[in-house]
Amino acid sequence: MLIRQLPHDSALNRELHGEAADWSVTDHLLAAAVDHLAAANWMFASVNSEEGDQPEPPAPVPRPSYERPETGDEETPGEETEETAAPDDRAPSTVQLARFFG
């Protein structure tokens with residue numbers, strides 16, 4: 001029970017979840033905002049450019065992978081386990097954020 005109360009940036013969380021432990025809700029929101037702005041700028045440039053001069057679509061901001069260290073299997077964003085589900089009084093889990101932001 002004490003382990004669940006550790007901060008998201010604790011050494012144990014970093015060991016278990018890797019780079020995903022360092023990403024906060026704010027980091028996910030900023031990455032989503034950057035992706036949406038890049039997409040809007042790309043759409044504007046696409047509409048206002050010549051037929052043969054279309055810009056390449058923007059690459060999304062790299063996000064941490066959500067692999068389970070013990071199996072190496074990637075978690076399905078919709079799949080939540082007891083370890084990844086966030087209680088109602090805490091911030092959303094990394095899996096919930098990945099599902100929301102795609």
Side-chain angles (χ1 to χ4, degrees):
M1 188 54 137
L2 291 176
I3 291 177
R4 287 186 182 206
Q5 303 303 321
L6 287 174
H8 289 287
D9 61 346
S10 69
L12 178 64
N13 275 332
R14 270 190 247 112
E15 180 65 30
L16 292 175
H17 304 292
E19 182 186 355
D22 294 331
W23 276 62
S24 67
V25 173
T26 304
D27 296 326
H28 283 279
L29 289 171
L30 286 171
V34 167
D35 286 345
H36 285 88
L37 285 171
N41 288 335
W42 171 74
M43 284 187 260
F44 179 81
S46 295
V47 168
N48 293 305
S49 62
E50 296 296 323
E51 190 73 28
D53 193 27
Q54 296 292 319
E56 292 293 319
V61 173
R63 287 160 172 87
S65 68
Y66 297 94
E67 294 181 4
R68 294 183 198 151
E70 63 274 2
T71 63
D73 295 339
E74 285 197 25
E75 293 180 2
T76 306
E79 174 186 349
E80 291 185 4
T81 62
E82 189 174 324
E83 295 83 23
T84 59
D88 293 334
D89 61 338
R90 290 186 37 211
S93 71
T94 54
V95 172
Q96 291 168 330
L97 288 169
R99 181 174 15 129
F100 181 79
F101 291 114

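This structure is a prediction, so every number in the text was calculated from the model and none was measured.
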The side chain to side chain contact (heavy atoms under 4.5 Å, CB included) partners of L29 (sequence neighbours excluded) come to V25, F101
With sequence neighbours excluded, residues passing side chain to side chain contact (heavy atoms under 4.5 Å, CB included) with S10:
L6, P7, L12, N13
Among residues at least two apart in sequence or on other chains, which ones pass side chain to side chain donor-acceptor pair (under 3.5 Å) with N41?
none
Enumerate the salt bridge (charged side-chain N to carboxylate O under 4.0 Å, His left out) contacts for residues 31-51, please, sequence neighbours excluded, ordered by first and then second residue.
D35-R63
Scan for salt bridge (charged side-chain N to carboxylate O under 4.0 Å, His left out) pairs involving residues 53-62, sequence neighbours excluded, and state none if there are none.
none
For the student: nearest non-hydrogen atoms of W23 and P64, plus distance
CE2-CD, 3.3 Å
Apart from M43 itself, its cluster of hydrophobic side chains linked below 4.5 Å comprises W42
